[in-house]
Amino acid sequence: MNKSKKRVLVTGGTGYIGSHTTVELINAGYEPIIIDNLSNSSIEVLDNIEKITGIKPSFEQFDITDLKKLEAFFEKYSEIEAIIHFAANKAVGESVQKPLMYYHNNLVTLINLLKCQLKYNVPNIVFSSSCTVYGQPEKLPVTEQTPKQEAESPYGNTKQVNEEILIDTIKANPNIHGIALRYFNPIGAHPTALIGELPLGVPNCLVPFLTQTVAGIREQLSVFGSDYNTPDGTAIRDYINVVDLSKAHVIAIERLIENKGKSNFEIFNLGTGNGLSVLDIVNGFEKATGIKVNHKIVDRRAGDVEQIWANTSYANQELGWKAETSIEATLLSAWNWEKNIRGIK
Ligand code: UD1
């Protein structure tokens, strides 16, 4: 099969996971076309994708909540084989403050894409979902069958509702096939340090806050809670390398295009299968880089679950995909990226 003709629309393609996935799509011989409103990313990402791959992807800047503009896009670019839908707001805390913005942006974008899939015969969609749909599960690790829990935030609820929207739409329209990928905690950056996570303002997530602390931008990393029921008392997550995660998207696209799925809508957990505590991350960073992380234990952060990590057997077997990069190499890549953007030698 000649994959060079396969066009894939990547919404949010200049963002953190979107940019890494665009690189992997190009590496695999696809033609990614990016739509991004640049609300949380920068246009220079396109040049850096070109530096890595030798190809600058096509790019359109607009907001896909605007159905008219999205329709004009599909009129312009024909024969799109698949969509990977990353474009969304993703800050849990902000979603509590601005629920309508989250519901509007995260739901209308998917609804508009599905409307266009039907109108322009785009057969496949991969949706960025999250382990947040599991809440604090009773049994660990979580499989795709672990029951979802009531969402803790509007952000989490948009992931749950979007999965339902996909299920219902695909049930009613068997010509559309979809895959939801439930990410655990994506971290790290491309090994070239040319693309990575670029949080606006004070980072909410652990690893960007940690690397900014080491870079001298933040004074100290707060470790949120040391009284959890875990071996060292700090909360446990499944931290997945962003390049490993991106590669799973290419496999998902191939599975859809080649119609290899077991059903029209499938769900896969994307994690490493290993739970690491906050202090494991601090220690892993120090081991990988030889640099001490200034940190202190503070109170728990409201809304955090105690521990979660993935059972990845289904993705391993069905997708033939497995997280490969060690936590040390991943944390080192995050530090190299931070150094690159801050001009630190
Ligand atoms: C959350 C969401 C996830 C979302 C992600 C990105 C939930 C359950 N998870 O992940 O769906 O994709 O945000 O927005 O809603 N920590 C510190 N100090 C810090 C920052 C974090 O100790 O300065 C700790 C947290 O308490 C947590 C761990 O580090 O135990 C990971 O936190 P974070 O990186 O924010 O991700 P999640 O909250 O797990």
Side-chain angles (χ1 to χ4, degrees), residues 12 15-18 40 86-98 102 106 127-137 140 142 146 148-160 162-163 180-188 197-214 217-240 242 245 269-272 275-285 293-310 327 330-331 334:
Y16 175 42
I17 306 171
N40 193 21
F86 293 108
N89 292 120
K90 61 172 184 179
V92 176
E94 185 185 46
S95 79
V96 177
Q97 306 300 323
K98 300 176 182 171
Y102 272 69
N106 291 5
F127 173 66
S128 294
S129 192
S130 167
C131 70
T132 195
V133 302
Y134 299 117
Q136 177 59 70
L140 288 163
V142 288
T146 297
K148 289 192 235 177
Q149 307 233 359
E150 204 177 312
E152 293 269 353
S153 68
Y155 159 78
N157 205 19
T158 66
K159 293 294 174 192
Q160 295 203 2
N162 274 343
E163 286 192 2
L181 299 174
R182 289 181 179 159
Y183 311 149
F184 282 67
N185 286 55
I187 61 163
E197 189 171 7
L198 198 61
L200 287 182
V202 182
N204 293 308
C205 288
L206 174 62
V207 172
F209 200 104
L210 186 160
T211 55
Q212 287 196 8
T213 304
V214 176
I217 298 159
R218 311 283 155 211
E219 210 175 305
Q220 193 170 45
L221 170 71
S222 296
V223 174
F224 296 136
S226 63
D227 57 350
Y228 285 110
N229 185 22
T230 60
D232 69 17
T234 64
I236 290 177
R237 299 286 183 276
D238 185 335
Y239 295 92
I240 166 86
V242 68
L245 183 81
N269 282 343
L270 296 182
T272 64
L276 294 175
S277 73
V278 179
L279 289 179
D280 287 334
I281 294 295
V282 170
N283 296 333
F285 183 90
V293 180
N294 181 16
H295 65 281
K296 67 162 189 253
I297 309 279
V298 301
D299 284 348
R300 293 180 180 196
R301 180 171 71 177
D304 274 342
V305 301
E306 180 172 274
Q307 45 188 323
I308 185 164
W309 68 94
I327 189 67
T330 302
L331 291 168

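For the numbers below, each heavy atom of this structure counts, side chains included, while hydrogens, waters and symmetry mates do not. Note that the structure is a prediction, hence the values are computed from the model and not measured. Along the sequence shown, residues carry numbers from 1. Counting starts at 1 for both ligands and their atoms, following the listed order.
- Protein heavy atom closest to atom 15 (O) of ligand 1, with residue, atom name and distance, is T132 OG1, 3.1 Å.
- Within ligand 1, counting atoms from 1 as listed, the ones closer than 4.0 Å to a heavy atom of A235 are 30 (O).
- Contacts between N185 and ligand 1 below 4.0 angstrom, taking non-hydrogen atoms only, involve the side chain exclusively.
- For the atom pair CZ (F209) and NE2 (H295), the distance works out to 13.5 Å, reported to the nearest 0.5 Å.
- Rounded to the nearest 0.5 Å, atoms NZ (K90) and OH (Y16) are 8.0 Å apart.
- Heavy atoms of Y183 found under 4.0 angstrom from ligand 1: none, in either backbone or side chain.
- Atom CG of residue D280 and atom CG of residue D232 lie 6.0 Å apart, to the nearest 0.5 angstrom.
- Regarding atom 12 (O) of ligand 1, its nearest protein heavy-atom neighbour is Y155 OH, 3.1 Å.
- R301 NH2, 3.0 Å is the protein heavy atom nearest to atom 38 (O) of ligand 1.
- Remark: ligand 1 and F209 share no N or O pair separated by less than 3.5 Å (distance only, no angle test).
- Looking at V278 against ligand 1, only its side chain comes within 4.0 Å, counting heavy atoms.
- At least one heavy atom of D304 sits less than 4.0 Å from an atom of ligand 1.
- Counting atoms of ligand 1 from 1 in the listed order, those under 4.0 Å from a heavy atom of V223 are 22 (O).
- Each of the following atoms of ligand 1 lies closer than 4.0 Å to a heavy atom of Y239: 28 (C), 29 (O), 31 (C).
- At the top of the distance list for atom 2 (C) of ligand 1, counting protein heavy atoms only, stands V92 CG2, 3.8 Å.
- Counting only heavy atoms of the protein, atom 6 (C) of ligand 1 lies nearest to C205 SG, 3.6 Å.
- If you look at I308 next to ligand 1, there are no close heavy atoms at all, none under 4.0 Å.
- Between the CG atom in L181 and the CG atom in N269 there is a gap of 10.0 Å [rounded to 0.5 Å].
- Between the CG atom in L206 and the CG atom in N185 there is a gap of 8.5 Å [rounded to 0.5 Å].
- Looking from atom 20 (C) of ligand 1 to the surrounding protein, the closest heavy atom is N204 O, 3.4 Å.
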Checking S277 against T230 for the side chain to side chain contact (heavy atoms under 4.5 Å, CB included) test, could you report, in this order, the C-alpha distance in whole Å, the side-chain angles of both residues, the deciding distance, and whether it holds?
CA-CA 8 Å; S277 73; T230 60; 5.5 Å; no

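- In the model, D238 has no side-chain atom that pairs as donor or acceptor with a side-chain atom of Y183 under 3.5 Å.
- In this structure D304 satisfies the salt bridge (Lys or Arg N to Asp or Glu O under 4.0 Å) test together with R237, R301, sequence neighbours excluded.
- Applying the side-chain contact (heavy atoms from CB on, under 4.5 Å) criterion to P199, with sequence neighbours excluded, gives E197, P203, P208, Q212.
- Using a 4.0 Å cut-off between heavy atoms, Y134 makes no contact with ligand 1 at all.
- Ligand 1 is never approached by G156 to a heavy-atom distance shorter than 4.0 Å.
- Side-chain N/O atoms of E94 and Y102 include a donor and acceptor closer than 3.5 Å.
- To the nearest 0.5 Å, the span separating OG on S95 from NZ on K159 amounts to 11.0 Å.
- Contact detail for P231 and I236: the closest heavy-atom pair is CD-CD1, 4.1 Å.
- Regarding atom 3 (C) of ligand 1, its nearest protein heavy-atom neighbour is S130 OG, 4.0 Å.
- The S222 neighbourhood of ligand 1 comprises atoms 17 (C), 18 (N), 19 (C), 22 (O), 23 (O), with distances under 4.0 Å to a heavy atom of that residue.
- Summary of contacts: the protein heavy atom closest to atom 14 (O) of ligand 1 is K90 O, 2.9 Å.
- Residue-level proximity to ligand 1 for P203 is absent, since no heavy atom of it falls below 4.0 angstrom.
- The closest side-chain donor-acceptor pair between E163 and S129 falls under 3.5 angstrom.
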